[in-house]
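For reference, the structure is listed below as C-alpha coordinates.
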Amino acid sequence: MSSHRGIVLTLTLLLLVSTCHALPRKPAGPSLADQFLAPHNVARAAVRMPPLVWDPSLVGYARQWAFQRRRDCALRHSNGPYGENIFWGSGTGWSPGQAVAAWASERRWYDYKSNGCSRGQMCGHYTQIVWRSTKRVGCTVEVCSSGGGTFMVCEYDPPGNYIGERPY
(Lines give C-alpha, C1' and ligand atoms only; values in the text may rest on other atoms or scores of the structure.)
Protein backbone atom coordinates (compact mmCIF):
# COMPACT_ATOMS: atom_id res chain seq x y z
CA MET A 1 0.00 0.00 0.00
CA SER A 2 2.79 2.40 0.89
CA SER A 3 4.55 1.62 -2.40
CA HIS A 4 1.32 2.22 -4.31
CA ARG A 5 0.84 5.58 -2.57
CA GLY A 6 4.41 6.58 -3.50
CA ILE A 7 3.80 5.74 -7.16
CA VAL A 8 0.54 7.72 -7.19
CA LEU A 9 2.23 10.70 -5.50
CA THR A 10 5.13 10.59 -7.99
CA LEU A 11 2.75 10.38 -10.97
CA THR A 12 0.67 13.25 -9.58
CA LEU A 13 3.78 15.42 -9.17
CA LEU A 14 4.95 14.57 -12.69
CA LEU A 15 1.54 15.43 -14.06
CA LEU A 16 1.55 18.77 -12.23
CA VAL A 17 5.06 19.59 -13.42
CA SER A 18 4.30 18.70 -17.03
CA THR A 19 0.97 20.59 -16.89
CA CYS A 20 2.69 23.70 -15.56
CA HIS A 21 5.22 23.62 -18.38
CA ALA A 22 2.48 23.16 -20.97
CA LEU A 23 0.64 26.34 -19.97
CA PRO A 24 1.45 29.48 -21.98
CA ARG A 25 3.52 31.92 -20.01
CA LYS A 26 2.39 35.47 -19.52
CA PRO A 27 5.13 37.98 -20.38
CA ALA A 28 6.75 39.61 -17.39
CA GLY A 29 5.88 43.23 -16.72
CA PRO A 30 3.11 45.48 -17.94
CA SER A 31 1.72 45.15 -21.45
CA LEU A 32 2.56 47.71 -24.12
CA ALA A 33 -0.98 49.08 -23.74
CA ASP A 34 -0.47 49.56 -19.99
CA GLN A 35 2.93 51.19 -20.54
CA PHE A 36 1.29 53.84 -22.71
CA LEU A 37 -2.06 54.11 -20.94
CA ALA A 38 -0.89 54.50 -17.33
CA PRO A 39 1.19 57.70 -17.83
CA HIS A 40 -1.54 59.18 -20.05
CA ASN A 41 -4.07 58.66 -17.28
CA VAL A 42 -1.74 60.06 -14.60
CA ALA A 43 -1.48 63.29 -16.62
CA ARG A 44 -5.26 63.38 -17.06
CA ALA A 45 -5.93 62.71 -13.37
CA ALA A 46 -3.71 65.68 -12.45
CA VAL A 47 -6.27 67.98 -14.12
CA ARG A 48 -9.30 65.90 -13.08
CA MET A 49 -10.01 64.45 -16.53
CA PRO A 50 -11.46 60.94 -16.80
CA PRO A 51 -9.08 58.15 -17.85
CA LEU A 52 -8.61 57.18 -21.47
CA VAL A 53 -9.33 53.64 -22.64
CA TRP A 54 -7.16 51.59 -24.98
CA ASP A 55 -8.62 51.22 -28.47
CA PRO A 56 -7.36 48.42 -30.77
CA SER A 57 -8.57 50.22 -33.92
CA LEU A 58 -6.46 53.25 -32.98
CA VAL A 59 -3.51 50.91 -32.37
CA GLY A 60 -4.00 49.58 -35.90
CA TYR A 61 -3.96 53.07 -37.37
CA ALA A 62 -0.87 53.97 -35.32
CA ARG A 63 0.89 50.79 -36.49
CA GLN A 64 0.18 51.56 -40.12
CA TRP A 65 1.64 55.06 -39.79
CA ALA A 66 4.66 53.93 -37.76
CA PHE A 67 5.36 51.17 -40.29
CA GLN A 68 5.41 53.80 -43.05
CA ARG A 69 7.91 55.83 -41.03
CA ARG A 70 10.19 52.88 -40.16
CA ARG A 71 12.79 53.70 -42.83
CA ASP A 72 13.33 57.37 -42.03
CA CYS A 73 11.51 57.82 -38.70
CA ALA A 74 10.80 61.38 -39.78
CA LEU A 75 8.70 63.33 -37.31
CA ARG A 76 5.81 63.76 -39.70
CA HIS A 77 2.17 63.57 -38.74
CA SER A 78 -0.17 61.26 -40.64
CA ASN A 79 -2.75 64.04 -41.05
CA GLY A 80 -5.40 61.41 -40.41
CA PRO A 81 -8.78 61.68 -38.70
CA TYR A 82 -7.40 61.44 -35.14
CA GLY A 83 -5.41 63.55 -32.76
CA GLU A 84 -1.80 62.40 -32.89
CA ASN A 85 1.37 62.64 -30.84
CA ILE A 86 4.65 61.43 -32.31
CA PHE A 87 8.02 60.81 -30.65
CA TRP A 88 11.49 59.98 -31.89
CA GLY A 89 14.49 59.02 -29.78
CA SER A 90 18.00 58.05 -30.82
CA GLY A 91 18.78 54.37 -30.21
CA THR A 92 16.47 51.60 -29.09
CA GLY A 93 16.27 52.00 -25.31
CA TRP A 94 13.19 54.20 -25.24
CA SER A 95 10.09 53.15 -23.31
CA PRO A 96 6.48 54.20 -23.92
CA GLY A 97 6.52 55.88 -20.52
CA GLN A 98 9.42 58.08 -21.58
CA ALA A 99 7.60 59.20 -24.72
CA VAL A 100 4.42 60.04 -22.79
CA ALA A 101 6.48 61.78 -20.09
CA ALA A 102 8.14 63.95 -22.76
CA TRP A 103 4.74 64.98 -24.11
CA ALA A 104 3.25 65.50 -20.65
CA SER A 105 6.23 67.61 -19.55
CA GLU A 106 4.95 70.34 -21.87
CA ARG A 107 2.43 71.09 -19.13
CA ARG A 108 4.91 73.60 -17.76
CA TRP A 109 4.57 75.60 -21.00
CA TYR A 110 0.75 75.62 -21.08
CA ASP A 111 -1.00 78.67 -19.59
CA TYR A 112 -4.64 77.98 -18.85
CA LYS A 113 -5.54 81.66 -18.43
CA SER A 114 -4.37 82.61 -21.94
CA ASN A 115 -5.11 79.12 -23.30
CA GLY A 116 -1.75 79.06 -25.04
CA CYS A 117 1.84 77.99 -24.85
CA SER A 118 4.66 80.09 -23.48
CA ARG A 119 6.42 82.06 -26.21
CA GLY A 120 8.67 79.84 -28.27
CA GLN A 121 7.51 76.63 -26.57
CA MET A 122 5.34 73.69 -27.58
CA CYS A 123 2.46 72.41 -25.47
CA GLY A 124 0.12 70.77 -27.98
CA HIS A 125 1.26 67.25 -27.15
CA TYR A 126 0.28 67.87 -23.54
CA THR A 127 -3.07 69.45 -24.38
CA GLN A 128 -3.93 66.51 -26.66
CA ILE A 129 -3.26 64.09 -23.78
CA VAL A 130 -5.59 65.97 -21.42
CA TRP A 131 -8.22 67.09 -23.96
CA ARG A 132 -11.62 66.87 -22.24
CA SER A 133 -13.57 65.15 -25.03
CA THR A 134 -10.88 62.60 -25.90
CA LYS A 135 -11.95 59.15 -24.70
CA ARG A 136 -9.73 56.60 -26.49
CA VAL A 137 -6.06 56.17 -27.31
CA GLY A 138 -3.99 53.65 -29.24
CA CYS A 139 -0.22 53.70 -29.61
CA THR A 140 2.70 51.75 -31.00
CA VAL A 141 6.48 51.62 -31.15
CA GLU A 142 8.58 51.13 -34.28
CA VAL A 143 12.36 50.69 -34.30
CA CYS A 144 13.77 52.46 -37.34
CA SER A 145 15.16 50.01 -39.89
CA SER A 146 18.21 52.17 -40.62
CA GLY A 147 19.31 52.09 -36.99
CA GLY A 148 18.06 55.65 -36.76
CA GLY A 149 16.27 55.34 -33.47
CA THR A 150 12.82 54.61 -32.11
CA PHE A 151 9.57 56.09 -33.39
CA MET A 152 6.39 56.10 -31.30
CA VAL A 153 2.95 57.33 -32.21
CA CYS A 154 -0.31 57.67 -30.29
CA GLU A 155 -3.69 58.30 -31.88
CA TYR A 156 -6.50 60.02 -29.93
CA ASP A 157 -10.24 59.88 -30.52
CA PRO A 158 -12.06 62.17 -30.55
CA PRO A 159 -9.16 64.46 -31.47
CA GLY A 160 -8.39 67.62 -29.54
CA ASN A 161 -6.43 70.83 -29.91
CA TYR A 162 -9.14 72.93 -31.49
CA ILE A 163 -8.14 76.58 -31.83
CA GLY A 164 -9.95 78.77 -29.33
CA GLU A 165 -11.06 75.85 -27.12
CA ARG A 166 -9.56 74.98 -23.76
CA PRO A 167 -8.43 71.40 -23.20
CA TYR A 168 -10.22 71.13 -19.82
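Values below: every heavy atom of this structure, side chains too, minus hydrogens, waters and symmetry copies. Note that this is a predicted model, so its numbers are computed, not measured. One is the number of the first residue; the rest follow in order along the sequence.
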Where [X] and [Y] come nearest, the two heavy atoms and their spacing:
| X | Y | result |
| --- | --- | --- |
| P51 | N41 | CA-OD1, 3.2 Å |
| G97 | P39 | CA-CG, 4.1 Å |
| A99 | M152 | CB-SD, 3.6 Å |
| Q35 | P96 | OE1-CD, 3.3 Å |
| G124 | E106 | N-OE1, 3.4 Å |
| W103 | C154 | CZ3-SG, 3.6 Å |

Over 60° means perpendicular and under 30° means parallel, so classify the ring planes of W94 and F87, tilted if in between. perpendicular
Side chains of Q128 and T134, donor plus acceptor under 3.5 Å: yes
Ignoring hydrogens and geometry beyond distance, is a side-chain donor-acceptor pair present between E84 and S78 at under 3.5 Å? yes
Sole residue of I129, V100, V153 in side-chain contact (heavy atoms from CB on, under 4.5 Å) with N85: I129
Quick one: pull up [atom1] in [X] and [atom2] in [Y] and give me the separation to the nearest 0.5 Å.
| X | Y | atom1 | atom2 | value |
| --- | --- | --- | --- | --- |
| T140 | F67 | OG1 | CZ | 11.5 Å |
| L58 | R63 | CG | CZ | 12.0 Å |
| E165 | N115 | CD | CG | 9.0 Å |
| C117 | D111 | SG | CG | 9.5 Å |

Within 45° of the axis and under 6.0 Å from the centre of the six-membered ring of Y110, does NZ or CZ of R107 qualify? no
Do the numbers put R48 on top of the ring of Y168, so that NZ or CZ is under 6.0 Å from the six-membered ring centre and no more than 45° off the axis? no
Within 6.0 angstrom of R70 CZ, more than 12 heavy atoms from elsewhere: yes
Mark yes or no for whether [X], through its side chain, and [Y], through its backbone, hold a donor-acceptor pair below 3.5 Å.
| X | Y | answer |
| --- | --- | --- |
| R136 | L52 | no |
| S118 | Q121 | no |
| R44 | W131 | yes |
| T92 | T150 | no |

Treat each ILVMFWY residue as a node, draw an edge where side-chain heavy atoms are under 4.5 Å apart, and state whether L37 and M49 are in one component. yes
Verify whether the ring centers belonging to W109 and Y126 lie closer than 6.0 Å. no
So, do [X] and [Y] sit near enough that their side-chain heavy atoms are less than 4.5 Å apart?
| X | Y | result |
| --- | --- | --- |
| D157 | D55 | no |
| V137 | W54 | yes |
| R69 | R76 | yes |

Per the ring pair (Phe, Tyr, Trp, His ring centres under 6.0 Å) rule, which among Y156, Y61, W65 passes with Y82? Y61
